[in-house]
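Worksheet for the structure shown next.
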Amino acid sequence: MDKILIRGGNPLTGSVRISGSKNAALPILFSSLLASGSSRYRRVPRLRDIDSTLGLLETLGVGVARNGPEVTLDTSGLERWEAPYDLVRKMRASVLVLGPLLARLGRARVSLPGGCAIGARPIDLHLKGMEALGAEIKLDHGYVTASAGRLRGAEFTFDRVTVTGTENVLMAAVLAEGRSVLRNAAREPEVTALAEVLNRMGARIRGAGTAEIVVEGVAGLHPVEAEIIPDRIETGTFLAAAAVTGGKVEIRDCEPRHVGAVIDKLRRAGAEIAVGERTISVCGPPRLKSVDVQTQPYPGFPTDMQAQFMALMSVADGVSVIAETIFENRFIHVSELSRMGADIVISGDTATVRGVRRLSGAPVMASDLRASACLVLAGLVAENTTLIHRVYHLDRGYEALEEKFSALGAEIRRVS
Ligand code: EPZ
């Protein structure tokens, strides 16, 4: 089991290039199932979750070829329609095969993902959306089986904003007969990126990126070539790292428009941030000021940056109130930060963080992807060394993280 060892205290300096977005790549790779033939994707990040996705596509009969950041998927041999439990349990986003398989083959059998560290994360809204399009849904033995003749377009309102729920139902709707209107849809950039790729495959989608998406169903789609957008959460993580270490970093090949809420909060906390077309330059103050944060669906402050921001507020000057409104159990990192000397009190969905002068390095345990990133940030500013266990969580969502941080001057290395 790999661990990551960090000696804190170095301000980060230099420049870092952002990788392709994990949460954009996952639905886009699954969308290849909607057409028969070879599609090619560039800037696909090298992550465990991408490996899981390509593994699942292979079990369905898809030809997978990978050359570094470039992936080619040949779906002409697609023959199976089942996503087995041992693959879905590794990556809950595997449920994104449901919409494409239902639309392309008229049936799909997918293991229910089960809960995860940050919450129950049901998929009831995914299934309600498929039913609205005419699918018959059955749940048995931990699997969901969906079947339909040709799906029919429908009007559907999501009870609450769901990113992969929107993506799943959107992928089913593009081949349905007639018009679909998806209301209270997620507005995340990853939804917009998926819709752009689908339209390039011949779909007819309007309104992606807004709360109301209109789809005119078409008879079929054709393969595509596409480039994955930059990862906004990786971008936010490096912004936070530069700000909290009092460093000066240029972030390249990113999309500043996708991290507006994070930039606002860091500026209010005292970081100086200059935004270019595809770059962001950040200069951290000697000590950040405490600011309050409430996570919200895009374009609000992203829940995937909540843990990282809490690490910053742990050493800020003042008291910060952080409210997590998206997931019911996304404060697992608090106990690990407290072991490093942070002063945090949880009450329901709110954490009150009283900044301390300095955290102290300690052996800590990563629990989920973004909690691991939080512990890396804490380690970068803590006294002495921090040893992070279970870093496979990090490898799910961050490409070459320790290499990127080392290149910025951090004392960080992987130890087995
Ligand atoms: C996506 O997860 C992201 N994952 C998550 O990133 C991110 O935290 C989340 O959106 C919120 O932004 C991918 O895109 C692969 P949701 P998703 O459906 O789609 C409830 C990371 O670290 N809900 O928007 O699974 C759900 O329980 C990951 O990269 C239902 O009740 O999240 C949650 O409380 C972590 N029923 C809320 O909605 C449903 O059918 C938002 O979940 C679906 C969701």
Side-chain angles (χ1 to χ4, degrees), residues 19-31 45 47-50 52-53 56 88 90-99 110 112-132 137 139 144 156-171 182 184-194 211 228-229 231-237 258-259 261-262 295-308 324-333 349 366-374 393-399:
S19 300
S21 161
K22 167 177 87 81
N23 290 350
L26 296 179
I28 286 171
L29 292 173
F30 284 124
S31 74
L47 302 169
R48 286 168 64 110
D49 275 8
I50 299 295
S52 303
T53 299
L56 172 52
V88 176
K90 271 191 279 185
M91 185 188 66
R92 57 175 302 101
S94 310
V95 291
L96 284 167
V97 294
L98 194 59
V110 179
L112 285 164
C116 83
I118 61 179
R121 299 181 74 180
I123 60 166
D124 56 311
L125 302 179
H126 298 232
L127 303 181
K128 281 184 186 141
M130 305 293 170
E131 280 176 328
I137 301 286
L139 300 179
V144 57
F156 178 71
T157 302
F158 288 94
D159 294 346
R160 65 178 294 175
V161 172
T162 160
V163 176
T164 51
T166 300
E167 292 164 348
N168 226 344
V169 178
L170 178 63
M171 288 193 280
L182 307 184
N184 198 23
R187 297 184 279 165
E188 270 68 4
E190 294 77 29
V191 174
T192 307
L194 171 64
I228 303 298
I229 60 171
D231 192 309
R232 63 190 171 98
I233 304 303
E234 185 190 22
T235 302
T237 302
H258 292 167
V259 287
V262 176
T295 63
Q296 288 296 334
Y298 191 88
F301 191 89
T303 175
D304 289 351
M305 279 298 301
Q306 179 258 109
Q308 295 91 312
E324 171 54 62
T325 72
I326 308 291
F327 289 106
E328 69 269 24
N329 186 32
R330 203 170 198 177
F331 282 147
I332 302 172
H333 45 283
D349 68 355
S367 55
D368 66 86
L369 170 54
R370 307 303 174 182
S372 335
C374 154
H393 289 295
L394 264 182
D395 298 336
R396 293 192 52 187
Y398 287 95
E399 184 176 51

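Counting starts at 1 for both ligands and their atoms, following the listed order. For the numbers below, each heavy atom of this structure counts, side chains included, while hydrogens, waters and symmetry mates do not. Position 1 is the first residue of the sequence, and the numbers go up from there. This one's a predicted model, so the numbers in the text were calculated from it and none came from an experiment.
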- Under the side-chain contact (heavy atoms from CB on, under 4.5 Å) rule, collect the residues that match up with Val88, sequence neighbours excluded. Ala83, Ser94, Val110, Ser111, Pro113

- Message: Regarding Lys22 and Glu234, does a basic nitrogen lie under 4.0 Å from an acidic carboxylate oxygen?
- Response: no

- Item | Check: Leu26 and Glu167 side chains under 4.5 Å, non-hydrogen atoms | no

- With Ile118 via side-chain contact (heavy atoms from CB on, under 4.5 Å) - residues at least two apart: Cys116, Arg121, Phe327, Arg330, Asp368

- Item | Expected output: side-chain Glu328 to main-chain Gly119 donor-acceptor under 3.5 Å | no

- Message: Checking Asn329 now: which residues fulfil side-chain contact (heavy atoms from CB on, under 4.5 Å) with it, not counting sequence neighbours?
- Response: Ile332

Enumerate the pairs of nitrogen or oxygen atoms, one from ligand 1 and one from the protein, separated by less than 3.5 angstrom; state names and distance to 0.1 Å.
{"from": "ligand 1", "atom 1": "2 (O)", "to": "Arg121", "atom 2": "NH2", "distance (Å)": "3.3"}
{"from": "ligand 1", "atom 1": "6 (O)", "to": "Asn23", "atom 2": "ND2", "distance (Å)": "3.4"}
{"from": "ligand 1", "atom 1": "6 (O)", "to": "Asp304", "atom 2": "OD2", "distance (Å)": "2.9"}
{"from": "ligand 1", "atom 1": "8 (O)", "to": "Asp304", "atom 2": "OD1", "distance (Å)": "2.6"}
{"from": "ligand 1", "atom 1": "8 (O)", "to": "Asp304", "atom 2": "OD2", "distance (Å)": "3.4"}
{"from": "ligand 1", "atom 1": "8 (O)", "to": "Arg330", "atom 2": "NH1", "distance (Å)": "3.4"}
{"from": "ligand 1", "atom 1": "18 (O)", "to": "Thr162", "atom 2": "OG1", "distance (Å)": "2.7"}
{"from": "ligand 1", "atom 1": "19 (O)", "to": "Thr164", "atom 2": "N", "distance (Å)": "2.8"}
{"from": "ligand 1", "atom 1": "19 (O)", "to": "Thr164", "atom 2": "OG1", "distance (Å)": "2.6"}
{"from": "ligand 1", "atom 1": "22 (O)", "to": "Arg370", "atom 2": "NE", "distance (Å)": "2.9"}
{"from": "ligand 1", "atom 1": "24 (O)", "to": "Val163", "atom 2": "N", "distance (Å)": "2.9"}
{"from": "ligand 1", "atom 1": "25 (O)", "to": "Arg121", "atom 2": "NH2", "distance (Å)": "3.1"}
{"from": "ligand 1", "atom 1": "29 (O)", "to": "Lys22", "atom 2": "NZ", "distance (Å)": "2.9"}
{"from": "ligand 1", "atom 1": "29 (O)", "to": "Asn23", "atom 2": "ND2", "distance (Å)": "3.0"}
{"from": "ligand 1", "atom 1": "29 (O)", "to": "Arg370", "atom 2": "NH2", "distance (Å)": "2.9"}
{"from": "ligand 1", "atom 1": "34 (O)", "to": "Ile326", "atom 2": "O", "distance (Å)": "2.6"}
{"from": "ligand 1", "atom 1": "36 (N)", "to": "Pro122", "atom 2": "O", "distance (Å)": "3.4"}
{"from": "ligand 1", "atom 1": "36 (N)", "to": "Asp124", "atom 2": "OD1", "distance (Å)": "2.7"}
{"from": "ligand 1", "atom 1": "38 (O)", "to": "Arg160", "atom 2": "NE", "distance (Å)": "3.2"}
{"from": "ligand 1", "atom 1": "40 (O)", "to": "Pro122", "atom 2": "O", "distance (Å)": "3.4"}
{"from": "ligand 1", "atom 1": "40 (O)", "to": "Asp124", "atom 2": "N", "distance (Å)": "3.1"}
{"from": "ligand 1", "atom 1": "40 (O)", "to": "Asp124", "atom 2": "OD1", "distance (Å)": "3.2"}
{"from": "ligand 1", "atom 1": "40 (O)", "to": "Leu125", "atom 2": "N", "distance (Å)": "2.7"}

